[in-house]
Amino acid sequence: MTEREQLPGKYDFKAVEARWQHTWEREEVDRVTEDDSREKYYVLEMFPYPSGRIHMGHVRNYSIGDVVARYMRLRGFNVLHPMGWDAFGLPAENAAQKNNTHPARWTYDNIDYMRSQLKQLGLSYDWSRELATCDDTYYRWEQKLFIEMYREGLVYQRKTTVNWCETCQTVLANEQVIDGACWRCDEQVTPRNMNGWFFRITRYAEELLADLKSLEGWPEKVATMQSNWIGKSTGLSCDFKIENSEESISIFTTRPDTIYGVTFMSVAAEHPLIDELINGTETEQAVRAFIKTISEERLRQNIEEEQEKKGIFTGRYCINPFNAQRIPVYVANFVLAEYGTGAVMAVPAHDQRDFEFARKYLLPVLPVVLPEGMTLDPETMEEASTVYGTLVNSGQFDSMDSAEAQAAIIAHAEQHGFGSAHITYRLRDWGISRQRYWGAPIPMIHCRSCGVVPVPLDELPVKLPEDLNTRAGECAPLGKRAEFIRTTCPSCGEEAARETDTMDTFVESSWYFARFTCPDATDTPLNKEQSHYWLPVDQYIGGVEHAILHLLYSRFFVKALRDLGYLDIDEPFANLLTQGMVIKDGAKMSKSKGNVVDPDDLIRKYGADTVRLFSLFAAPPERDLEWNAQGVEGANRFLNKVYRLIVGFNGDTSSTAENGYDSEADRVLERKVHQTIKKVTHDIDSNFHFNTAISAVMELFNTIVSVSDPEKNSMAGTDTLNHAIRTILILLFPMVPHFCSEMWTIMNFTGRPEEQTWPSYNEEIAREELLTIVLQVNGKVRSRIQVEADSDEQTLETCALEDENVLRFINGKAVKKIIVIKKKLVNIVV
RNA sequence: GCGAGAGUGGCGGAAUUGGUAGACGCGCUGGUCUUAGGAACCAGUAUCUAUGAUGUGUGGGUUCGAGUCCCUCCUCUCGCACCA
């Protein structure tokens with residue numbers, strides 16, 4: 001009795017997976033160091049927030065990443081594949097209050113549990129590099145970078161309007177304001193002016209936009225979203241003098257060609273010149289009341305619906321510098337204070353918003369750009385004409401076309417000193433102040449005499465105070481902790497106050513990928529040699545929901561760190577894969593919908609390999625994955641089929657002369673082996689389409705089964721079968737590593753799968769000897785014939801014209817034309 | 001409204017450059033073996049008025065030939081959303 005016959009009839013994933021995980025961990029097989037003799041490959045999945053348990057989205061994300069990591073190792077690369085925890089954030093505070101515990105305790109407990117879950121999935125991380133962003137060995141370096149960015153002018157403080165909840169005594173994120181009220185206590189939220197810290201991301205607006213073009217390994221969609229988010233507009237900035245005042249209203253327009261069509265001016269309610277315009281005038285009262293109304297409306301505003309356009313005349317006029325026209329100035333609710341200059345020259349004939357406004361308040365509409373072959377009647381127009389055309393009513397610019405006129409008008413403004421060519425971005429500076437406890441403290445000190453002073457670098461980290469009165473259900477923000485606040489000014493030594501804001505958690509995730517190259521560096525945030533060797537990340541994988549914020553912030557950080565001398569790259573992520581969501585019953589898995597599937601249950605029932613295999617097989621990675629319990633069964637069934645084949649495979653006795661190596665079955669199988677290697681390699685290399693790669697391996701498996709059946713007359717020999725099984729195990733190893741390792745051992749192959757090199761294929765062997773040629777009559781398939789692969793066109797034509805099905809359909813009609821495509825088809829037109 | 005993407009069997013999904021539509025898997029049907037099968041194996045499985053015809057959201061076009069290219073419309077998803 002051989003050893004194999006003693007194996008259980010069903011694959012015992014539980015024992016096998018535990019054993020291999022233990023082996024890998026003991027031998028630290030996934031640990032890496034820099035090695036100049038080998039090409040590096042850095043694959044990274046977006047690190048999780050330690051919310052408690054991993055969900056199917058994580059399983060999918062990390063399964064994909066693990067296949068890439070293991071595949072690239074087999075391809076001979078020195079692969080960095082780290083994992084860590086995005087560990088600061090609001091949920092920890094909420095959970096702490098609810099469970100009467102400390103946010104740190106809650107977070108680290110979750111990390112421990114989730115780490116064990118990831119380990120159960122057999123993910124090949126270099127755990128020696130693990131980091132948690134809430135650890136002061138991480139955020140101390142962030143504080144250092146913050147101070148250095150401050151010194152470079154990349155960090156500043158300014159007043160900003162925030163959503164304030166009086167009951168909770170805190171600032172709320174926009175997402176936490178529901179219908180103008182606090183999400184927790186239902187108290188009406190009020191706008192409040194507070195000092196906040198900002199990253200000057202706008203300094204890099206142009207570079208962030210321009211470099212998108214260099215990101216060829218990014219999905220077009222993500223690049224477009226970022227491009228729209230940055231929102232570059234070019235045009236004219238121009239000053240309109242206020243009548244009876246020294247001040248001017250600056251405007252920005254992308255349509256300088258319409259400047260002669262200006263019939264009024266709209267300014268935002270928060271425009272800095274409001275006071276100048278209305279103080280002491282008859283209309284002051286009315287305008288102030290109007291401003292109050294619309295700012296209240298804005299708070300309550302439902303994002304979905306566009307507000308009706310409203311405005312009020314200030315009673316003042318300004319002067320169009322081009323034609324000296326008097327222009328009434330309105331305050332309007334649709335003008336955004338934050339974009340452009342907060343004032344808009346209104347051209348009702350050529351802008352839809354201005355048009356609606358003009359019709360409502362009976363303001364003149366003056367067409368100045370006529371679209372080709374059209375006239376515009378201001379009396380009867382029903383909407384603005386926004387297309388380019390030829391200028392009229394525009395003084396010296398008449399009869400120019402729009403493009404020409406724009407250039408000429410900008411030049412004219414520059415010549416006369418009241419305007420210039422200008423570029424505006426939609427992107428705004430990144431506000432990072434949070435009045436929360438569980439975040440990285442901003443390392444700044446406020447001194448009465450010296451102003452804002454950074455904490456000296458040798459005093460970092462500014463640690464979060466650990467003692468919390470959690471019993472009272474409080475994670476009081478730092479602003480409520482006198483003992484934390486009180487300090488001395490590093491500059492003058494007088495009593496001073498610490499900054500009490502903590503940083504947005506997006507700051508931590510903006511540079512963790514770089515810290516993974518040197519997580520233990522104790523004297524610097526980033527070690528130059530190590531980051532130089534590993535960066536950029538060659539393949540980044542995560543959800544598309546981070547397409548804008550996280551990915552944009554990370555790009556900004558890399559550019560800033562480059563300019564601080566830490567990094568020598570321009571972009572963090574060379575290639576980006578945005579994986580789709582895991583859905584069930586057509587909806588994203590969520591507790592409220594009750595359609596969540598717990599990875600723990602699945603692993604217990606089927607094992608990690610089955611779960612990995614299904615999540616890779618059911619859809620290509622960039623698409624949504626519909627979870628299907630029966631599909632999981634199918635993945636499990638496939639592994640068991642391979643298992644039974646291998647357990648039943650008896651290489652010693654079937655290797656007889658009758659099953660000679662050169663049989664037809666051998667050639668069929670060997671050909672399939674090479675075709676499969678080719679297909680799988682191509683599917684992974686081109687776009688990580690593991691679903692088709694797996695189906696190719698399944699086909700190979702089906703071929704093995706069909707040529708190892710003693711009932712059939714053609715049976716493949718042992719060597720060929722060995723080769724085929726060996727190939728399956730290597731090709732599948734990145735996806736189901738425990739299983740393949742175990743099967744490798746049972747097959748008595750030498751070494752381990754991870755020590756092999758990825759198999760190569762031979763085009764000659766992969767080529768089919770016989771091809772099926774389709775015979776069409778008038779473009780419809782009428783017959784199929786088998787021919788030698790290298791048959792020439794003449795032969796194909798002859799065969800086609802002899803085929804009886806074809807003859808039946810030609811039915812004596814005259815043949816007009818014959819199209820012959822080698823290796824594909826013959827089409828006879830009658 | 002603007003921008004991007006997608007519509008293929010009962011389901012998830014396959015189909016280099018226009019050239020066998022539906023690979024692979026799920027499900028289903030029938031069979032074999034079984035005390036049993038919700039195990040395993042074998043066969044079948046786009047639709048229909050079925051020697052043939054029709055089929056890739058709709059309607060048109062280009063072509064010997066269209067899931068693939070062009071135009072029209074419809075639906076869905078995602079992003080942005082009064083950006084001057």
Side-chain angles (χ1 to χ4, degrees), chain A residues 9-10 219-229 231-233 235-236 251-255 258 266 268 301 303-309 332-336 338-347 350-354 356-357 424-427 544-545 547-548 578 580-581 613-614 617-620 622-635 637-638 640-641 644 679 682 686 689 691-699 701-702 705 709 711 771-781 783-784 805 808 816-830:
Chain A
K10 209 163 174 204
E220 183 89 22
K221 174 183 172 165
V222 176
T224 308
M225 280 165 67
Q226 291 214 356
S227 173
N228 292 340
W229 185 263
K232 179 180 181 175
S233 304
L236 167 73
I251 58 94
F252 170 75
T253 178
T254 55
R255 292 294 303 274
T258 64
S266 319
Q301 180 179 354
I303 288 178
E304 298 301 313
E305 58 190 293
E306 195 168 300
Q307 298 242 325
E308 191 200 348
K309 309 221 169 354
N333 66 341
F334 64 89
V335 181
L336 305 172
E338 320 87 61
Y339 181 77
T341 61
V344 186
M345 65 175 214
V347 187
H350 303 294
D351 180 283
Q352 187 57 28
R353 289 157 305 179
D354 298 343
E356 287 169 30
F357 194 91
T424 294
Y425 299 90
R426 207 188 77 105
L427 181 70
V544 72
E545 65 272 20
I548 296 178
T578 51
M581 289 186 302
L613 187 65
F614 176 75
F617 178 60
E622 69 278 3
R623 267 212 242 178
D624 285 350
L625 182 153
E626 170 79 32
W627 195 262
N628 175 307
Q630 287 162 328
V632 183
E633 297 270 1
R637 193 176 307 154
F638 174 67
N640 265 300
K641 282 200 265 191
R644 278 195 301 276
K679 169 86 175 140
H682 178 262
S686 59
H689 277 194
N691 56 330
T692 49
I694 292 168
S695 65
V697 174
M698 287 172 167
E699 283 188 50
F701 172 80
N702 292 342
V705 170
D709 180 359
E711 305 280 303
L771 290 177
T772 304
I773 300 294
V774 170
L775 304 182
Q776 299 180 326
V777 177
N778 285 342
K780 295 197 171 171
V781 180
S783 184
R784 299 185 166 101
N805 277 322
R808 197 151 56 80
K816 269 203 218 151
K817 195 172 176 184
I818 299 179
I819 291 119
V820 184
I821 309 291
K822 260 181 121 175
K823 298 182 184 183
K824 290 265 155 75
L825 57 71
V826 179
N827 186 11
I828 297 162
V829 187
V830 298

Dot-bracket for RNA chain B, please. Rules: Watson-Crick or G-U, both distances under 3.5 Å, ( ) within the strand, [ ] when a pair crosses earlier ones, | for another strand, . otherwise. (((((((..(((......[....)))((((((.......))))))(((...)))..(.(((..]....))).))))))))....
Please report the distance separating the [atom1] of [N] from the corresponding atom of [M], rounded so that it comes out in whole Å.
N: B/U72; M: B/U77; atom1: P; result: 23 Å
N: B/G44; M: B/U35; atom1: P; result: 28 Å
N: B/G25; M: B/U16; atom1: C1'; result: 23 Å
N: B/A46; M: B/G10; atom1: C1'; result: 11 Å
N: B/G19; M: B/G12; atom1: P; result: 24 Å
N: B/G31; M: B/G22; atom1: C1'; result: 26 Å
N: B/A84; M: B/A14; atom1: P; result: 39 Å

Phosphate contact ([N] OP1 or OP2) by [X] side-chain N/O below 4.0 Å:
X: A/Arg426; N: B/A81; answer: yes
X: A/Lys221; N: B/G5; answer: no
X: A/Arg637; N: B/A40; answer: yes
X: A/Arg353; N: B/C83; answer: yes

Any side-chain heavy-atom pair from [X] and [Y] closer than 4.5 angstrom?
X: A/Phe617; Y: A/Ser695; value: yes
X: A/Glu220; Y: A/Met225; value: no
X: A/Ile694; Y: A/Leu613; value: yes

Please work out whether B/G18 sits syn or anti, treating a glycosidic angle within 90° of 0 as syn. anti
Is it the case that atom CD in A/Glu545 sees more than 12 heavy atoms from other parts of the structure closer than 6.0 Å? yes
Expected string for nucleotides 13-24 of chain B under the B/S/- scheme (protein heavy atoms, under 4.0 Å, primed atoms plus P, OP1, OP2 as sugar-phosphate) is SS--B-BBS-BB
Nearest-0.5 Å distance that lies between atom NZ in A/Lys641 and atom CG in A/Asn702: 6.5 Å
Kindly compute the distance separating CD1 (A/Ile821) from CG (A/Asn827), expressed to the nearest 0.5 Å. 9.0 Å
On RNA chain B, does the nearest nucleotide to A/Arg644 precede the nearest nucleotide to A/Gly631 from the 5' side, or the other way round? Give the residue. A/Gly631
Output the single nucleotide from B/C64, B/C80, B/A84 whose closest atom is nearest the side chain of A/Val829. B/C64
Base, sugar-phosphate or nothing for [X]? Non-hydrogen atoms, less than 4.0 Å.
X: A/Val697; result: nothing
X: A/Lys780; result: sugar-phosphate
X: A/Gly231; result: nothing

Any N/O donor-acceptor pair, A/Lys816 side-chain to B/C64 base, under 3.5 Å: no
Does any N or O in the side chain of A/Asn691 come within less than 3.5 Å of the main-chain N or O of A/Ala618, such that one atom is a donor and the other an acceptor? no
Hey, is the main chain of A/Ala223 close enough, under 3.5 Å, to the side chain of A/Ser227 for a donor-acceptor pair? no
Does the ring centre of A/Phe357 sit less than 6.0 Å away from the ring centre of A/Phe334? yes
